[in-house]
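Chain naming here is simple, since letters A, B, ... match the order of the sequence lines and numbering starts at 1 in each.
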2 protein chains.
Amino acid sequence: MENAPPALDGVEKIRRAAADLFGERGFDAVSIAHIAERAGSSKANIFHHFGSKEALYFAVLREAVDRSTDHFRDAMRAELDPSQRVERAIRGSLTVLFEDPERSRLIFREIMESGPCRAEALANEVFGDDFIALTRLFADVQAGDEAGQGMSPSFLAHVLLSSNVMLFHCHQVLRHLPGGGYADEQERYITMLRDVLLRSMRAQKETNA
Amino acid sequence: MENAPPALDGVEKIRRAAADLFGERGFDAVSIAHIAERAGSSKANIFHHFGSKEALYFAVLREAVDRSTDHFRDAMRAELDPSQRVERAIRGSLTVLFEDPERSRLIFREIMESGPCRAEALANEVFGDDFIALTRLFADVQAGDEAGQGMSPSFLAHVLLSSNVMLFHCHQVLRHLPGGGYADEQERYITMLRDVLLRSMRAQKETNA
DNA sequence: GACTCCGCTGACCAATCGATCAGTCAGCCC
DNA sequence: GGGCTGACTGATCGATTGGTCAGCGGAGTC
């Protein structure tokens, strides 16, 4: 009977408690004692398994990053018409962000804090694949549409991800801004962002001053 | 001779040191001892003037927020054609973000960390005015353009701010992504974002499935 | 000179931090 | 049984944390 939930051995419990707490409050605000308490373990045991607080943090971060890219890749496999493909990409990215908020916060904090040294590694190992996939999607959609290109696919990926990430991190603030009701209406939000992206691709060089 | 630089009294030195350090590393990673050292003062003196670490943090945060809104408001006063007005709004927001990076990080961290309780206060006191101004700008531009409305001005403000904030916080990562060269070319970035926003406003209901 | 006020300091506090220690206990191999 | 491994613990380390307190020294005031 005990096959479905794998009984969660000690190490995994520590990992999950650490992921939750680091995601919620950040590296410095969380102590090993907190993690040990939530994991139902002892401080010494954490050092036994992970060596140091920093090593635990990076272990948790790496795991979060790996799981994130898997989910995102799944969300973009379908072959539909442009409107539906873009919509699906928005929804997929949004799902990844919201289905495990602690993980998302953990990763974004790492991006913010990373100096020039670690930024390149992050770009290659962590976000590169997702960004490329999204860029390809926009390039495909533009190529299949005779109207006009003229808009960089990678920049459209930037706009999509920016908007979603901002919605995720700031939606408690956004919902209280005048006209910020979209923060609580996911479908309306997705439709609006989809329209912004599709219109950007289709309209031609009419905006040149 | 000592009139132009106001000699920076002790309290102001503390405030600046705290703003720099809190912006760089966040609340928990910075100790009063660090701040005292950078300010050339003593721990006890900081408590003498501010009472507690939290009070110092909030004082610094409030000051950062006030200065931020002032700058932003200045950047949007001009009356030009739609393309130039949108471009100016993008540039203004970008300038505010990059001209004092520590301040910007401080504020954004507060948005991320703020629970539902403090989020409403932040929305009203801090970002409300800027967001309203930006929303009005898009509403104006759309009204003056006969082509079509159909796109929520507040959502366009969201897209503009999201894209800029993301560029600011992640540009060390973005520049290393394939096609992410725009992260280092501000003028190209501004042009692309302007086009995305203008096209979104002008194109009509052609995207409805 | 004696007085107060105020910006400021060094010494100090209890609490907590990350980390280490010796040692316990259960399981496994021979 | 004996030898060994690895998960785990309570006690404890030195360092650092946010915060307190008595007091110093200079500027003003009578």
Side-chain angles (χ1 to χ4, degrees), chain A residues 2-3 5-64 102 106 109-110 113-114 118, chain B residues 1-3 5-64 102 106 109-110 113-115 118:
Chain A
E2 78 277 19
N3 51 352
L8 226 51
D9 69 319
V11 182
E12 189 54 29
K13 269 196 198 169
I14 293 171
R15 228 191 298 262
R16 295 206 184 183
D20 286 352
L21 289 170
F22 282 142
E24 265 176 43
R25 307 183 215 172
F27 181 82
D28 291 288
V30 174
S31 72
I32 301 285
H34 291 149
I35 298 171
E37 190 186 9
R38 177 174 298 206
S41 179
S42 67
K43 279 173 61 177
N45 193 33
I46 294 180
F47 284 98
H48 170 68
H49 285 295
F50 293 93
S52 74
K53 187 186 180 184
E54 220 183 14
L56 171 61
Y57 179 74
F58 284 127
V60 162
L61 179 68
R62 178 60 53 104
E63 194 204 8
E102 281 73 28
L106 194 64
R109 237 187 230 109
E110 182 63 19
E113 240 85 320
S114 73
R118 225 164 35 196
Chain B
M1 270 297 176
E2 79 275 18
N3 51 352
L8 226 51
D9 68 320
V11 182
E12 189 54 28
K13 269 197 200 167
I14 293 171
R15 226 191 299 261
R16 295 206 183 183
D20 286 352
L21 289 171
F22 282 142
E24 267 175 43
R25 307 183 216 172
F27 181 81
D28 291 288
V30 173
S31 71
I32 302 285
H34 291 149
I35 298 170
E37 189 186 9
R38 178 175 298 207
S41 180
S42 66
K43 277 174 60 177
N45 193 34
I46 293 180
F47 286 99
H48 171 68
H49 285 295
F50 293 93
S52 75
K53 186 185 180 186
E54 221 183 14
L56 171 60
Y57 179 75
F58 283 127
V60 162
L61 180 68
R62 178 59 52 104
E63 195 204 8
E102 281 73 28
L106 194 64
R109 235 187 233 111
E110 181 63 18
E113 241 86 322
S114 73
R118 225 164 34 196

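In this structure, R15(B) contributes its side chain and V60(B) its backbone to no donor-acceptor pair below 3.5 Å. The closest donor-acceptor contact from the side chain of K53(A) to the backbone of F47(A) lies at 3.5 Å or more, if one exists at all. Checked by atom type and distance alone, the side chain of R38(B) never pairs as donor or acceptor with a backbone atom of A18(B) at under 3.5 Å. With hydrogens and angles ignored, the 3.5 Å screen pairs no side-chain donor or acceptor of K43(A) with any backbone N or O of I35(A).
Rounded to whole Å, atom C1' of dA7(D) lies 13 Å from atom NZ of K13(A). Between the CG atom of L21(B) and the C1' atom of dG18(D) there is a distance of 16 Å, given to the nearest Å. In this structure, CD of E37(B) is placed 14 Å from C1' of dT16(D), rounded to the nearest angstrom. Atom pair I32(A):CD1 and dT16(C):P shows a separation of 16 Å (rounding to whole Å applied). Taking atom CD1 of residue I46(A) and atom P of nucleotide dC17(C), one finds them 12 Å apart after rounding to whole Å. Rounding to whole angstrom units, CZ of residue F27(A) and C1' of dC17(C) are separated by 11 Å. In this structure, the NE2 atom of H34(B) is 15 Å from the P atom of dA15(D), given to the nearest Å. Between D9(B) atom CG and dC6(C) atom P there is a gap of 16 Å when expressed in whole angstrom units.
When the shell of 6.0 Å around CD of E24(B) is examined, it contains more than 12 heavy atoms from other residues, nucleotides or ligands.
If you check dA19(C), dG19(D), dG10(D) against the side chain of A44(A), the one that comes closest is dG10(D). The side chain of F47(B) sits closest to dG18(D) out of dC17(C), dG18(D), dG7(C).
Using a 4.0 Å cut-off, some side-chain N or O of H49(A) falls inside it from OP1 or OP2 of dC8(D). H48(B) has a side-chain polar atom (N or O) that falls below the 4.0 Å cut-off from OP1 or OP2 of dG7(C). When the side-chain nitrogen and oxygen atoms of S42(A) are compared with OP1 and OP2 of dG10(D), none of them lie within a distance under 4.0 Å.
Between N45(A) and K53(B), the residue whose closest nucleotide on DNA chain D is further toward the 5' end is N45(A).
For a distance-only test at 3.5 Å, the side chain of K43(B) qualifies as a donor-acceptor partner of the base of dG19(D).
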